[in-house]
There are 2 protein chains.
Amino acid sequence: MPEHLIQHLNKHIQLTEEEKELIRSKVVLKTVKKKELLLRAGDVCLMQNFIAKGCFRLFIINEKGAEQTLQFSIEDWWITDYMSFSTQKASHFYIQAIENSEVISISKSDLDQLNIAIPPLERYFRIVLQKSFAASQMRIMFLFTMSAEERYHHFKNAQPDFVRRVPQYMLASYLDFSAEFLSKIRAGKV
Amino acid sequence: MPEHLIQHLNKHIQLTEEEKELIRSKVVLKTVKKKELLLRAGDVCLMQNFIAKGCFRLFIINEKGAEQTLQFSIEDWWITDYMSFSTQKASHFYIQAIENSEVISISKSDLDQLNIAIPPLERYFRIVLQKSFAASQMRIMFLFTMSAEERYHHFKNAQPDFVRRVPQYMLASYLDFSAEFLSKIRAGKV
DNA sequence: GTGATTTCTTGAAGTAGTTCAAGTTTTTTT
DNA sequence: AAAAAAACTTGAACTACTTCAAGAAATCAC
C-alpha cells in the first residue's frame, strides 16, 4: 500500500490531503520475491524505489564474473542507481531482493512533476540525498583507514540488522574482502 | 565576489532579483592561501563552501599520521563535510586549499532559510547532491573492481585537470595506494 | 522429510600492493 | 642566485589479503 510511503514522508514533512492524493496517483506497487531483480546491468533505471518491506542490495558483476555488493537497503530507505536514473542511460548495476519484499516505485518523469508541485517533497529528497552522500563519504573513509577485520567489527556494531539479514558472502564483498577471509575473521583464525 | 555563485546558480535555475539579493546578503567571501585549512578535524563544519577560484581537497589523518585524500574539488563545485554540516557535530576531516583560492560560504542556518525561501535553490541542491551521491557510488565501484594501475589510468582519462593540478602523493592517496607505487606505475616499473 | 541448492569453512600457495630508507629533482622563498 | 622545503623515485624486504579446491553445514522446495 502506498500508505507506507505516505506515513514515512509524514514523519519528515507536512503534506496536505491533495498532495498525498497526488503522490498516491503516481506510485507503482510491486511485490518482489527473494533473488528477483529490480534492475539489471545494461537496462536504464526507470524507477526510484522505496522499500516498504524487505531488504535489497545493489551490486555489480566484475569482469571475472564475481558479484560485488555496493549497497544494502532495508525498510524505509530508497534503493536506486541514481546515475542511471538521472541520466536515463544504461546502468552498470543490478538491484536484487535479498528477502521477499514490497517496493513503492516512481518513474523519473512522475517524480520530477511531484518535486515541482510539492516543494516540501523536494526538500525531503534534498535531505535524504545529503545524508546518503555524507554516509558514502564516511564509507570511503572506513575503506581507506581500516583493515578488513576492523571494517567487519565496525559494521557489525553500526548495522547489526544487516549482519543478521544478509548472507556472509554478500557482506564480505560489501566490506571489500573475500568470503573466505570473513569466515576466517569470524573463526578468529586471523 | 558573490556574483560568481549567482552566475553559476543562474545556469541551473531561474532567480528573481530579490532572490539574488537575499542570497548575496547571506554569503561570506574568503580568500584562502595554498595549504590553508577551511576545516580541521575536531571542529564543526559551520559553512557550506562554494569554490569560486582554485582547488581544494578533503582529507583525513589516519592513526599512523598519514593523510588520505577523500575528495578533490575545483571551481564551480562545493566542498563541505556534509555529515558534520548537517548534524553540527565535530568533523573527522580536514579541508585544505591546494592552490590560492577564493570561496563563497554560507552557514547552515542561513542556508536553511534560503532553501525554504527559494524552492528552486533547494531543487538545485537536490540535483547537486544526487549527482554527488551517484558519483560516490561510481567511485566505490571503481575502487572495488579496478587494480591500482587501472584506477590511475581511468582517473587520468576522466579528470585530466585534477591530475595536472594536484601533487602525485595526494592523487595516490585519493586512489587508495601509496605514493611510491604511483611513481612506479608512471615509470612503467610495474 | 529427503534431495537439491545455497552458504560457510579450512588450509596451502600465491600476489598486489606496502613500508622503509636514501637519494634526486622540482618548486618556493628570500 | 642560493638555500630551504616540498615532491618524486628506486630497490629490497615484507604482509594483508586472495585464490583455489574440497568438504561440511544449513536452508529450501516439493
Side-chain angles (χ1 to χ4, degrees), chain A residues 32-37 54-55 57 59 61-69 72 96-101 142-156 162-190, chain B residues 33-37 54-55 57 59 61-69 72 94 96-101 142-156 162-190:
Chain A
V32 191
K33 285 212 186 121
K34 188 170 170 171
K35 309 224 165 178
E36 264 179 26
L37 294 170
C55 183
R57 66 167 175 151
F59 68 97
I61 298 185
N62 67 23
E63 65 290 346
K64 285 173 193 154
E67 298 174 357
Q68 313 238 191
T69 299
F72 294 116
Q96 185 188 46
I98 296 176
E99 304 170 355
N100 294 330
S101 303
F142 294 137
L143 287 169
F144 278 18
T145 60
M146 291 180 177
S147 70
E149 191 169 3
E150 286 167 340
R151 294 201 296 280
Y152 170 65
H153 288 119
H154 177 269
F155 187 76
K156 210 172 69 157
F162 286 105
V163 178
R164 246 182 273 118
R165 292 168 73 170
V166 154
Q168 270 182 48
Y169 72 95
M170 288 185 196
L171 182 56
S173 86
Y174 176 81
L175 295 173
D176 200 22
F177 49 77
S178 69
E180 293 91 336
F181 198 64
L182 178 48
S183 186
K184 284 163 196 172
I185 290 171
R186 288 178 29 111
K189 301 203 172 163
V190 50
Chain B
K33 286 212 187 118
K34 187 170 170 173
K35 307 225 165 175
E36 264 179 26
L37 295 170
C55 183
R57 66 168 175 151
F59 69 97
I61 298 186
N62 67 23
E63 65 290 345
K64 285 173 193 155
E67 296 174 358
Q68 313 239 192
T69 299
F72 294 115
Y94 297 80
Q96 184 188 46
I98 297 177
E99 304 170 354
N100 293 329
S101 303
F142 294 136
L143 286 169
F144 278 18
T145 59
M146 291 180 177
S147 70
E149 190 167 4
E150 286 167 341
R151 294 202 296 280
Y152 170 65
H153 288 118
H154 177 269
F155 187 76
K156 209 172 71 159
F162 286 106
V163 178
R164 247 182 273 118
R165 292 167 73 170
V166 154
Q168 271 183 49
Y169 73 95
M170 288 184 195
L171 181 57
S173 86
Y174 176 80
L175 295 172
D176 201 23
F177 49 76
S178 69
E180 292 90 337
F181 197 66
L182 178 47
S183 185
K184 284 163 195 173
I185 289 172
R186 287 176 31 112
K189 302 205 171 160
V190 49

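Since we're looking at a predicted model, the values are computed, not measured. Numbered from 1 within each chain, the chains take letters A, B, ... in sequence-line order. Just so it is clear, the values below take in all heavy atoms, side chains as well, and ignore hydrogens, waters and symmetry mates.
- Rounded to an integer number of Å, the gap from A/M146 CE to D/dA16 P is 17 Å.
- Applying the salt bridge (charged side-chain N to carboxylate O under 4.0 Å, His left out) criterion to A/E150, with sequence neighbours excluded, gives no partner residue.
- Under the salt bridge (charged side-chain N to carboxylate O under 4.0 Å, His left out) criterion, B/E99 pairs with B/R165, not counting sequence neighbours.
- Taking every heavy atom of residues 167-183 of chain B and every atom of DNA chain C, pairs under 4.0 Å involve B/F177, B/S178, B/E180, B/F181, by number.
- The side-chain heavy atoms of A/E149 and A/F181, taken from C-beta on, include no pair separated by under 4.5 Å.
- To the nearest angstrom, C1' of D/dT15 lies 15 Å from CD of A/E149.
- Nearest heavy-atom pair, A/I98 versus A/P167, reported as atom, atom and distance to 0.1 Å: CG2-CD, 4.1 Å.
- B/L143 is listed as a side-chain neighbour of A/F144, based on a closest heavy-atom distance under 4.5 Å.
- Under the side-chain contact (heavy atoms from CB on, under 4.5 Å) criterion, B/N62 pairs with A/T145, B/K64, B/A66, B/Q68, sequence neighbours left out.
- Nearest heavy atoms, A/G54 versus A/S101: CA-OG, 3.3 Å.
- Under the 3.5 Å distance criterion, the side-chain polar atoms of A/N100 are left unmatched by any main-chain donor or acceptor of A/K33.
- Here the range on DNA chain C touched by chain A, meaning any atom under 4.0 Å from one of its heavy atoms, is C/dT6 to C/dA12.
- Residues satisfying the side-chain contact (heavy atoms from CB on, under 4.5 Å) test with A/L37, not counting sequence neighbours, are A/R40, A/F59, A/Y94, A/Q96.
- Remark: B/S183 pairs with no residue by the side chain to side chain donor-acceptor pair (under 3.5 Å) rule, at least two apart or across chains.
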Practice item. Would you mind building the protein contact string for nucleotides 23-30 of chain D? One character per nucleotide, 5' to 3', B for base within reach (heavy atoms under 4.0 Å), S for sugar-phosphate only, - for untouched. Key: -----S--
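- Inter-axis angle, ends of the helix from C/dG1-D/dC30 to C/dT30-D/dA1, five pairs per end, rounded to 10 degrees: 70°.
- Here B/F155 pairs with B/Y174 under the ring pair (Phe, Tyr, Trp, His ring centres under 6.0 Å) rule; sequence neighbours left out.
- Remark: A/K156 engages A/Y152, A/H153, A/V163 in a side-chain contact (heavy atoms from CB on, under 4.5 Å) (not counting sequence neighbours).
- When the side-chain nitrogen and oxygen atoms of A/K64 are compared with OP1 and OP2 of D/dT19, one or more of them lie within a distance under 4.0 Å.
- Residues passing the salt bridge (charged side-chain N to carboxylate O under 4.0 Å, His left out) test with B/E67, sequence neighbours excluded: B/R57.
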